[in-house]
Protein chains: 2
Amino acid sequence: MTGLYAGVDLGGTTIKVAIAAADGDILAQDQVSTSSHLGPSAVLNSMGDVIGRLKSQIAATSPLIGVGIGVPGLVDIETGTTKFLPNLPTQWRNIPVGAILQQRLGCPVRLLNDVRAATLGELRFGHGKREPQLTMAFFSIGTGVGGGVALKGDLWLGPLGAAGELGHQTIVPDGPRCGCGNRGCLEALASGTAIAAQGVRLMRSGLAPALHALVDGNADRVTTREMTAVADQDPLVHEALVDAAIAIGIAAANVVTILHPDLIVLGGGVAEMGTLLTDTVQDVITCRVGMFPTDQVRVERSLLGEQAGLCGAVALAMKAAHT
Amino acid sequence: MTGLYAGVDLGGTTIKVAIAAADGDILAQDQVSTSSHLGPSAVLNSMGDVIGRLKSQIAATSPLIGVGIGVPGLVDIETGTTKFLPNLPTQWRNIPVGAILQQRLGCPVRLLNDVRAATLGELRFGHGKREPQLTMAFFSIGTGVGGGVALKGDLWLGPLGAAGELGHQTIVPDGPRCGCGNRGCLEALASGTAIAAQGVRLMRSGLAPALHALVDGNADRVTTREMTAVADQDPLVHEALVDAAIAIGIAAANVVTILHPDLIVLGGGVAEMGTLLTDTVQDVITCRVGMFPTDQVRVERSLLGEQAGLCGAVALAMKAAHT
């Protein structure tokens, strides 16, 4: 059955929506502000409006046959109900988003953690496209650190869809406090937020003159991208980036001991660090689990880049329609 | 087809052999010294002899239809060839054990890492017996720390059978050196060897008087068992045991983030620490990954105890015969 799919990437600040054809080609896409303060009901209305508008925009006669929504947190994947969404107000807990939108849109709607959705996107449209039996761990390293695991081409979700939280491995047992309550999680050490905090500290301590010049001393402008741009000139900024990459490497090495995947995929804003990140992660894997034949474990950037979440939501919409 | 299975647990010092019926009941079992210095060929001969002797001892008319061998290290599971066996001389590398014994015994022979075999045993004869879809991580904590992972009732081996090395997760990035070359592996922090080393240190520093009295000051007699026996009297011995249990808990919590298993199984000599171990591991999981619904993740001791390896080898023999 031909038809159209809608993928939705629900973020704390932005909702991205795409309408895709049967081959996954995105025919139209748009984004609106989440405005989560208006409450779930208004936001879901607005989400439905954007889907309707985009669909009429492409003047398609084919019906919408599946909707996939990537959500920043934990959801009950069976019922399509939100559970724990750290970046949205608490009133977003236990909202039956799937049922509400299914009624409005008249087709199956499926919810999934946004990075698990991105992992699905990477399987279907990225690194997994030519390797249907790929075993892969996907690290999405941005404001937080999310993750997803695929085993022989299938997403591994665990009961409730909570498996794959690669950012909440403990890397340093007595390390800095994480948003999840634990200490020393990968997210507390190597998220974009954690990396920028180090950059700002160095800049304010007079230890990163090139960074200071680049951002005009404005802390709000410091991200992994700016730090990467000055890493050649500010050795301590370089060191801060390497420290974060090493933490990501340890998390990846731990996944290798447990699952021995074919591929570690790095996505999110921090992946803009480029080869400094991928090479360091590969080196850490070799150093720490060299007893394994680790040369078979590849480390690569996501092929979907910033579109990973949206492509994943489209892949999820296809699952919603066909399984 | 009815027939008999032989399970072999090849250890650095002892070879244990069992003959089992179709229902897994062990009909006869024995053990001999490995005498690995005599070389693989002599040892494999002796292994074949024990199997033959046990079989004639039970005067069975049924033929031997499958042999499973648990091996202390990495093997190529496709070819049944040894790869990296840290507790045996280097001449044990690249020995086609499967092919050699298959020729002598006239039935399929399969090799597997010993703890992955024990995981298979736990699936078939232990915790998995009544839960065919069990997702489980098995930590075998003895001289070293081995592991195995089962997903929905199936062993997850990864390419080459190297997945499931739970003892070589990095727990403390700059921690003590591990036998594998890495620093701060779980094995370096919480193996029986590591725990006993702490006990001996405390004893020799005059900080563990009850332990000293129990073992007569003899370092060679200090194991987790003796330390557990005096933990009520020597607070620092208690602390050393808790520290090890916390490290095991962190490793288990990391597995929970990645796979969200139903069950963490603790086996090997260190599991004799009892509830101090299982309760601590459960607490660490709750503390560190409490954002998950971790109350669904159970922590229990292996139901197979010291027989885990041998039961696993029998389960492997059944796989050899029937798949």
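Throughout, a chain's letter reflects where its sequence line sits, starting with A, and its residues are numbered from 1. Nothing here was measured: the structure is a model prediction, and the numbers come from that model.
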Student: If you count heavy-atom pairs under 4.5 Å with chain A, which of Ala162(B), Gly158(B), Cys287(B) comes out on top?
Tutor: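 Of the candidates given, the most pairs with chain A belong to Ala162(B).
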Student: For Cys180(A) versus Arg288(B), what's the shortest heavy-atom pair and its separation?
Tutor: SG-O, 4.5 Å
Student: With a 4.5 Å heavy-atom cut-off, do Ile258(B) and Leu166(A) have their side chains touching?
Tutor: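 A side-chain contact exists here, since the closest heavy-atom pair is under 4.5 Å.
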Student: Please round to the nearest 0.5 Å and tell me the distance separating atom NE2 of His168(B) and atom OG1 of Thr257(A).
Tutor: 9.0 Å
Student: Is Thr170(A) close to chain B through its backbone or its side chain, or both, or neither, when contacts mean heavy atoms under 4.5 Å?
Tutor: both
Student: Can you name the nearest heavy-atom pair linking Leu151(A) to Leu151(B), along with the distance?
Tutor: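 Looking at all heavy atoms of both residues, the closest pair is CD1-CD1, 3.2 Å.
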Student: Give, as side chain, backbone, both or neither, the part of Lys83(A) having an atom under 4.5 angstrom from any heavy atom of chain B.
Tutor: neither
Student: Examine whether an atom of Ala253(A) lies under 4.5 Å from a heavy atom of chain B, and if so say whether it belongs to the side chain, the backbone or both; otherwise answer neither.
Tutor: neither
Student: Under a 4.5 Å cutoff for heavy-atom pairs, which residue among Ile171(A), Val289(A), Val255(A), Val172(A) has the most contacts with chain B?
Tutor: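 Winner by heavy-atom pair count: Ile171(A).
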Student: Check whether Leu157(A) gets within reach of chain B through its side chain, its backbone, both or neither, counting any heavy atom under 4.5 Å.
Tutor: neither
Student: Need one label for Leu259(A): side chain, backbone, both or neither, based on atoms under 4.5 Å from any heavy atom in chain B.
Tutor: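 It is both, since atoms from each part get that close.
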